[in-house]
Number of protein chains: 4
Amino acid sequence: MASEAQRSDTAEPRRGRPRSEASHQAVLDATTRLLRVSSYEELTVEAIASEAGVSKQTIYRWWKSKAAVVLEVMLTGNAEIELVPMPSTGDLRADCLTWIRGMLVEAFRDTHVGMARSLVVAGLQGDPGTERLLQQASMWDHGLLAERLREAERAGELREGVDIAAAASAIGDPLIFRMLTGSAPSLSWSESLVDVVVTGLMRPGAGSSIN
Amino acid sequence: MASEAQRSDTAEPRRGRPRSEASHQAVLDATTRLLRVSSYEELTVEAIASEAGVSKQTIYRWWKSKAAVVLEVMLTGNAEIELVPMPSTGDLRADCLTWIRGMLVEAFRDTHVGMARSLVVAGLQGDPGTERLLQQASMWDHGLLAERLREAERAGELREGVDIAAAASAIGDPLIFRMLTGSAPSLSWSESLVDVVVTGLMRPGAGSSIN
Amino acid sequence: MASEAQRSDTAEPRRGRPRSEASHQAVLDATTRLLRVSSYEELTVEAIASEAGVSKQTIYRWWKSKAAVVLEVMLTGNAEIELVPMPSTGDLRADCLTWIRGMLVEAFRDTHVGMARSLVVAGLQGDPGTERLLQQASMWDHGLLAERLREAERAGELREGVDIAAAASAIGDPLIFRMLTGSAPSLSWSESLVDVVVTGLMRPGAGSSIN
Amino acid sequence: MASEAQRSDTAEPRRGRPRSEASHQAVLDATTRLLRVSSYEELTVEAIASEAGVSKQTIYRWWKSKAAVVLEVMLTGNAEIELVPMPSTGDLRADCLTWIRGMLVEAFRDTHVGMARSLVVAGLQGDPGTERLLQQASMWDHGLLAERLREAERAGELREGVDIAAAASAIGDPLIFRMLTGSAPSLSWSESLVDVVVTGLMRPGAGSSIN
DNA sequence: CCGTAATCGAGACGGTACGTCCCGTCTTCGC
DNA sequence: GCGAAGACGGGACGTACCGTCTCGATTACGG
């Protein structure tokens, strides 16, 4: 992303004339606003410039494409997609079920679905650099999920040798996929998904059962 | 599909010159050919028309957009995406592992990845009608997988009350997602994915174990 | 005209289904109707076909172009453009003045102006065959005018050696030109036009004078 | 002309990149060049753009149609149509005869005929704004002719009360009409035309006679 | 009274040009 | 001396008609 040019974590002095932070933020905000009412394809650079009160040149100076702008919006949390918190009551199965029920409500709102699609389409624009960003997308960060699983692992509740990331994907990715296709899964489907994976993950005999 | 629209049940006389099946097929073939070397975004209707030796109007007469053409190509199997066969040796876990190893090799070829992306982007074009098609896409038909699971279910190997479709998604969707982002997962990740889900699916004590 | 192609003077048998005279006339009528509300450029063959309830092929079978249809409409009097009659009271100057006053009223109606333009544009389509038709167009037939002038010539009122056709053009063509540009000339302009030409035509001393 | 539209009397600051005069002229030149070898109908905006090395959008930004471009070419003298000079020897009749003999040679050249047709067809496109331009067209400027007539008027050679413009049209318009139909008139026709009008114009007894 | 030949309406076909939209780049001028 | 305004060359869009080409369904003769 163009914006990474000066993103040094050590906060160096920043040489040269600094970019206009007002314009920068105006572009991100305008893009967020527009994406709420239009798809990625319908979004145009000219519309962003006009909506942001910024010249096209300013956009092209800092981002190399529409996809880059959209990805920055998404990945820096500018779009403020609220994640459902993951509870931690000590009962892994119950926590995951609580979480997925929340996701069913939260993630399938129209704006979120639109945002997710824009993010995916932007990420698939063929640019090799953007693919990586797509994978890191905090939006569907299975991080929360993976973290909870790791907590259970540390508590000795899980079978040994399982890949936590793979397990998190087994639950998280199907959810994302339904989100992209706009078809919210049923509650029972979702619960079954969690149940199967959690069951397969846990040490036999340990933990609660769904039935 | 657009092409079937006029084959209506009322079966009226069909006046005028009939649709040219040659042109129809030429469009699908040309699209397939072009998608092998270009992304969905790079693909243009004019290029399809030119490559197919067909007029643009003929394309717009039968399909309402580029997305519709691409979806017909994909969903009618015109692109001939070869699925990895699902073995059925009686050992569910072993069969699924065999299958996923094959998928790692087959599905992550460049052309297949490109096709999958095109299919997804086409399906996400915002058109409500196409979303449904996207879900039915035989490309990532978890059908083969789901079928094998149902076979095991009939054999009484599975726990009761689990949702087969959800379980198939738990394995299949993560695979598709990696395919879209272009990052082939490791063998151990894949095997762990299968192991967790199959374990969670099977009646305790039944079947083989990975370790 | 295309319609004359099969009008062989030897009157051959002409096998097969004969030309539908109904269709022929429907085309001419439809064209006339459409030209009343649209310019030559706006007129399309498809619109004619549709308006006439005839297939495009039928038009192209009998006329080689839109221009040919329009010219046939015009030159066969299908459009029924009414000419102003030329009086013959014995007073050439007075007769011509009466005639031109009538023309100012009649010829500059919107429909007539539109028809004249269509005729000219159709005639100028570059086709060499149509040019000739343009010259013969009865619409602006100076014939009536020329005839009256010749009558005066026979009566010995005119100077000798003058070209009657040229004189008729001197009055008629400026009128047509104003018609084409849509700017109706003033009465005094028109009367002066007639006066100058008639004066120049008549034997000195003969006839009445305008002032 | 379209190009002068924004040079308004309010003379506002004119922000942004200014219009490229090079492109403007390139369009006019390309149009002139193309009109030398093709008719108005054959001329396409895309061909102009391509020939001028200019984008279609640039043409549509400054002219509202092909007709507008052609009219600007014609009316600003870009096509450099050479007018035959009008002599002034003191003998009106002789001068006019000299002039019309020159016109017979000059005006009926192929390129000039083509240009005149293009100008007329462009002017008749139905746009009310362009009609006025058509009338002012310097191409068939009877201005030269009218000027000479006015000179004679000032010299007291003409009858009083005649409309000079009408008289100029009586000679000029028939010439133009023959030009449009592509049928060059004979010398005697032309001379008779001049003779009749000049005779009708001149004070009785004044000036020379043709015979 | 049957078959051959040419017509008819309908409408799809390969094309060409249209006029619009947006891309990404490039001036100019005002702050 | 940046940056908004906006013109530029380019190129694809989706539409409109062009003139041609099947279709199946009518007519008329001529055998």
Side-chain angles (χ1 to χ4, degrees), chain A residues 17-20 22-23 41-47 49-50 52-61 63-66, chain B residues 6 13-24 26 41-50 52-62 64-66, chain C residues 6 13-20 22-23 41-50 52-66, chain D residues 13-24 26 41-50 52-62 64-66:
Chain A
R17 180 184 176 107
R19 99 196 256 186
S20 158
S23 292
E41 323 294 327
E42 289 162 359
L43 183 69
T44 69
V45 174
E46 294 193 334
S50 162
V54 142
S55 78
K56 266 200 296 180
Q57 188 62 242
T58 296
I59 295 181
Y60 282 108
R61 208 191 309 280
W63 293 273
K64 60 182 257 302
S65 66
K66 178 174 72 167
Chain B
Q6 84 284 6
R14 296 286 300 111
R15 316 232 299 153
R17 182 175 178 174
R19 175 176 190 179
S20 159
E21 195 47 45
S23 292
H24 179 188
E41 326 295 327
E42 290 160 358
L43 183 68
T44 69
V45 175
E46 296 195 333
I48 295 174
S50 160
V54 142
S55 78
K56 251 198 305 182
Q57 189 60 64
T58 294
I59 295 181
Y60 283 109
R61 203 183 332 267
W62 300 108
K64 59 182 253 305
S65 65
K66 179 176 69 168
Chain C
Q6 80 282 9
R14 299 283 304 114
R15 318 226 316 142
R17 180 176 179 172
R19 171 175 194 180
S20 158
S23 291
E41 323 295 326
E42 290 161 359
L43 183 69
T44 68
V45 174
E46 296 195 333
I48 296 174
S50 162
V54 142
S55 79
K56 265 200 297 180
Q57 187 61 241
T58 295
I59 295 182
Y60 283 109
R61 208 189 319 274
W62 300 108
W63 294 273
K64 61 182 252 304
S65 66
K66 177 175 71 168
Chain D
R14 300 284 302 111
R15 316 232 301 151
R17 180 176 179 173
R19 174 176 191 178
S20 159
E21 195 46 47
S23 291
H24 179 189
E41 327 294 327
E42 290 161 359
L43 183 68
T44 69
V45 174
E46 295 196 332
I48 296 174
S50 161
V54 141
S55 79
K56 252 199 305 181
Q57 187 60 65
T58 294
I59 295 182
Y60 283 108
R61 207 188 324 271
W62 300 107
K64 60 182 253 306
S65 65
K66 179 176 70 168

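Throughout, a chain's letter reflects where its sequence line sits, starting with A, and its residues are numbered from 1. Being a predicted model, the structure only gives us computed values, none of them experimental.
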Peer 1: For the pair made of CD in E41(C) and C1' in dA16(F), what is the distance, rounded to whole Å?
Peer 2: 15 Å

Peer 1: Whole angstroms only, please: what is the CD-P distance between E46(D) and dG11(F)?
Peer 2: 13 Å

Peer 1: To the nearest 0.5 angstrom, please state how far the CZ atom of R61(B) sits from the OG atom of S55(B).
Peer 2: 6.0 Å

Peer 1: Among dA12(F), dA4(F), dC23(E), which is the nearest nucleotide to the side chain of V54(A)?
Peer 2: dA4(F)

Peer 1: Taking atom P of dA28(F) as reference, at what distance in whole Å does atom CZ of R19(C) sit?
Peer 2: 15 Å

Peer 1: Select one nucleotide: of dC13(E), dA12(F), dC18(E), the one nearest the side-chain heavy atoms of T44(B).
Peer 2: dA12(F)

Peer 1: Is R61(C) near enough to dC8(E) that one of its side-chain N or O atoms lies under 4.0 angstrom from OP1 or OP2?
Peer 2: yes

Peer 1: Round to the nearest Å and state the distance from I59(C) atom CD1 to dC8(E) atom C1'.
Peer 2: 13 Å

Peer 1: Can you see if the side chain of S55(D) gets near the phosphate of dG11(F) - specifically, an N or O under 4.0 Å from OP1 or OP2?
Peer 2: no

Peer 1: Taking the nucleotide of DNA chain F with the closest heavy atom to each, which residue, S65(B) or L43(C), is nearer the 5' end?
Peer 2: S65(B)

Peer 1: Would you mind reading off the distance between I48(D) atom CD1 and dA17(E) atom C1', rounded to a whole angstrom?
Peer 2: 12 Å

Peer 1: So does K56(D) reach the base of dG19(E) with its side chain, donor to acceptor, closer than 3.5 Å?
Peer 2: yes

Peer 1: Using heavy-atom distances to pick each residue's nearest nucleotide on DNA chain F, tell me which of K66(C) and Y60(B) is more 5'.
Peer 2: Y60(B)

Peer 1: Return yes if the base of dC21(E) and the side-chain atoms of Q57(D) contain a donor-acceptor N/O pair under 3.5 Å, otherwise no.
Peer 2: yes

Peer 1: Which residue, P18(B) or A47(D), contacts DNA chain E at a nucleotide closer to its 5' end, judged by nearest heavy atom?
Peer 2: P18(B)

Peer 1: For dG24(E), does either OP1 or OP2 sit under 4.0 Å from a side-chain N or O belonging to W63(A)?
Peer 2: no

Peer 1: For dG6(F) and W62(D) - does any side-chain N or O of the residue sit under 4.0 Å from the phosphate oxygens OP1/OP2?
Peer 2: no

Peer 1: Nearest 0.5 Å please: distance from the NZ atom of K56(A) over to the OG1 atom of T58(A).
Peer 2: 12.0 Å

Peer 1: Is the shortest heavy-atom distance from the side chain of W62(B) to the side chain of R19(B) under 4.5 Å?
Peer 2: yes

Peer 1: Kindly compute the distance separating CD1 (I59(C)) from NZ (K66(C)), expressed to the nearest 0.5 Å.
Peer 2: 11.5 Å

Peer 1: Between S20(D) and S23(D), which heavy-atom pair has the shortest distance, and what is it?
Peer 2: OG-N, 3.0 Å

Peer 1: Does a side-chain N or O from T58(D) land closer than 4.0 Å to OP1 or OP2 of dA7(F), or not?
Peer 2: no

Peer 1: For S23(C), report the nucleic acid contact type (base, sugar-phosphate, nothing); a contact means any heavy atom under 4.0 Å.
Peer 2: sugar-phosphate

Peer 1: Strictly below 4.0 Å: does R17(B) bring a side-chain N or O up to OP1 or OP2 of dC23(F)?
Peer 2: no

